[in-house]
Amino acid sequence: MVSLTITQPDDWHLHVRDGDALADIMSETTRCFARAIIMPNLNPPVTTTQQAEAYRQRIMLAIPDDVNFTPLMTLYLTDQTDPEEIELARASGFVHAVKYYPAGATTNSDSGVTDIRKTYNALQALSDNGIPLLIHGEVTDPNSDVFEREKLFIDQVLTQIIRDFPDLKIVLEHITTKHAVEFILAQSDNLAATITPHHLLYNRNAMFKGGIRPHYYCLPILKHEQHRLALVDAATSGNPKFFLGTDSAPHAVANKESSCGCAGIYNAPVAIELYTYIFEQAGALDKLEDFASLYGPRFYNLPTNTSELTLVKQSWTVPANKPLASETIIPLCNGEQLSWQVQT
Ligand code: NCD
Ligand code: ZN
């Protein structure tokens, strides 16, 4: 049987929610990832180190004792974030980044930043402390075209942040365009990007195949095929500026299949399998470990995992749905056959 063993990977962008759903969601990530950057967009958001510690403890309680997993916590940047809070985050040892959501850009971003200049004292503290700023890179002008929002953000906001804070480490999260790839390549090593499995696998047609398909709706939205191809090239290029971040974003089925469905794709049950397939299709399986397991920790100045993960080439069928506390959730690739499987 064909198999592939790599250093155990980490997920550098993950939503796990809270409460009764935590245990179901965590089990999908801990089956293959050793660590994950935990997004702070709860309601209310995780804005302080104290809240991050309480959230970290709830996550650990949702994981069986014999499972080896470390949540890497983040704070949610607001117009009010105090530079002293950044110092507390640094001292904590468990907060590894701060997340910038432009207010109104996506799920639970209402408390986000209204004008980046309001956060400049906090950004200076991040820069001084070597804490990465993670960016949801889309403008929020409702009149802007939804497919153009990433490019507009890069040109109008990100360029300005990099100019004003050249030493700040930045991850442009879940990039979706050729423009983003080219921009990142042109900047210093302080700028990196995560890439999701869904943006590597699908273009915007997926949302409209034979009808409207809400489970392919996420933000930033799927783009034209030319952008997907640029993302595959970037991910499989062996450039350390690009690394794995699933943006797995669970929403119960009723919140997705609605007249105004939530943005977010639940890919944790299939993510590492899909990345493996994508790298195989690109003839770059030898680069998977770099992307999935080595470049993330290098950017975050964390040690590489010492454990390993084995994937076997063996077909299996993704369940049609999964339990989410008392509700149901539809995973990406539901009902489909995948060619790679995690060895248990
Ligand atoms: C995320 C969520 O549901 O929390 N949704 C998404 O479409 N990616 C928020 C985000 O990362 O934009
Ligand atoms: Zn996200």
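Counting starts at 1 for both ligands and their atoms, in listed order. Excluded from the calculations below are hydrogen atoms, water molecules and symmetry mates; all remaining heavy atoms, backbone and side chain alike, are included.
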Would you call the rings of Y101 and H136 parallel, tilted or perpendicular, taking 30° and 60° as the class edges?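 Taking H136 first and then Y101, their aromatic rings sit tilted (interplane angle of 30° to 60°).
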Just distances here: any N/O of [X] and N/O of ligand 1 closer than 3.5 Å?
| X | value |
| --- | --- |
| L219 | yes |
| C218 | no |
| K99 | no |
| H136 | yes |

Kindly check if the number of other-residue, nucleotide or ligand heavy atoms within 6.0 Å of [atom1] ([X]) is above 12?
| X | atom1 | answer |
| --- | --- | --- |
| Y300 | OH | yes |
| K256 | NZ | yes |
| D164 | CG | yes |

Of all N, O or S atoms in D247, which has the smallest distance to the Zn ion (ligand 2)? OD1
Check each atom of ligand 1 against the heavy atoms of [X] and keep those under 4.0 Å away; list them by number with element.
| X | value |
| --- | --- |
| T106 | 5 (N), 9 (C), 10 (C), 12 (O) |
| H174 | 11 (O) |
| A249 | 1 (C), 2 (C), 3 (O), 5 (N) |

Between [options], flag the one that comes closest to [atom] by a heavy atom.
| atom | options | value |
| --- | --- | --- |
| atom 11 (O) of ligand 1 | M39, H198, H15 | H15 |
| atom 2 (C) of ligand 1 | R17, E138, E173 | R17 |
| atom 4 (O) of ligand 1 | I221, L42, T246, N41 | N41 |

When distances are taken from atom 5 (N) of ligand 1, the protein heavy atom at minimum range is A263 O, 3.1 Å
Which residue and heavy atom of the protein sit nearest atom 8 (N) of ligand 1, plus the separation: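 Closest protein heavy atom to atom 8 (N) of ligand 1: D247 OD2, 2.7 Å.
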Distance-only side-chain donor-acceptor flag, [X] / [Y], under 3.5 Å:
| X | Y | value |
| --- | --- | --- |
| D247 | H15 | yes |
| T7 | E289 | yes |
| Q156 | Q160 | no |

Hey, what's the angle at the Zn ion (ligand 2) spanning NE2 (H15) and NE2 (H13), nearest 10 degrees?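 NE2 of H15, the Zn ion (ligand 2) and NE2 of H13 span an angle of about 110°.
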2.8 Å cut-off met by an N, O or S atom of H174 to the Zn ion (ligand 2):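 Short answer: no, not a single N, O or S atom is under the cut-off.
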N/O/S atom of H136 inside 2.8 Å of the Zn ion (ligand 2), strictly under: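 Checking H136: none of its N, O or S atoms is under 2.8 Å.
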Between [Y] and [X], is there a salt bridge with N-O shorter than 4.0 Å?
| X | Y | answer |
| --- | --- | --- |
| D24 | K322 | no |
| E87 | R90 | no |
| R31 | E273 | yes |

In this structure, does ligand 1 have an atom that sits under 4.0 Å from one of the heavy atoms of H251? yes
Are F165 and Y120 close enough that their ring centres sit under 6.0 Å apart? yes
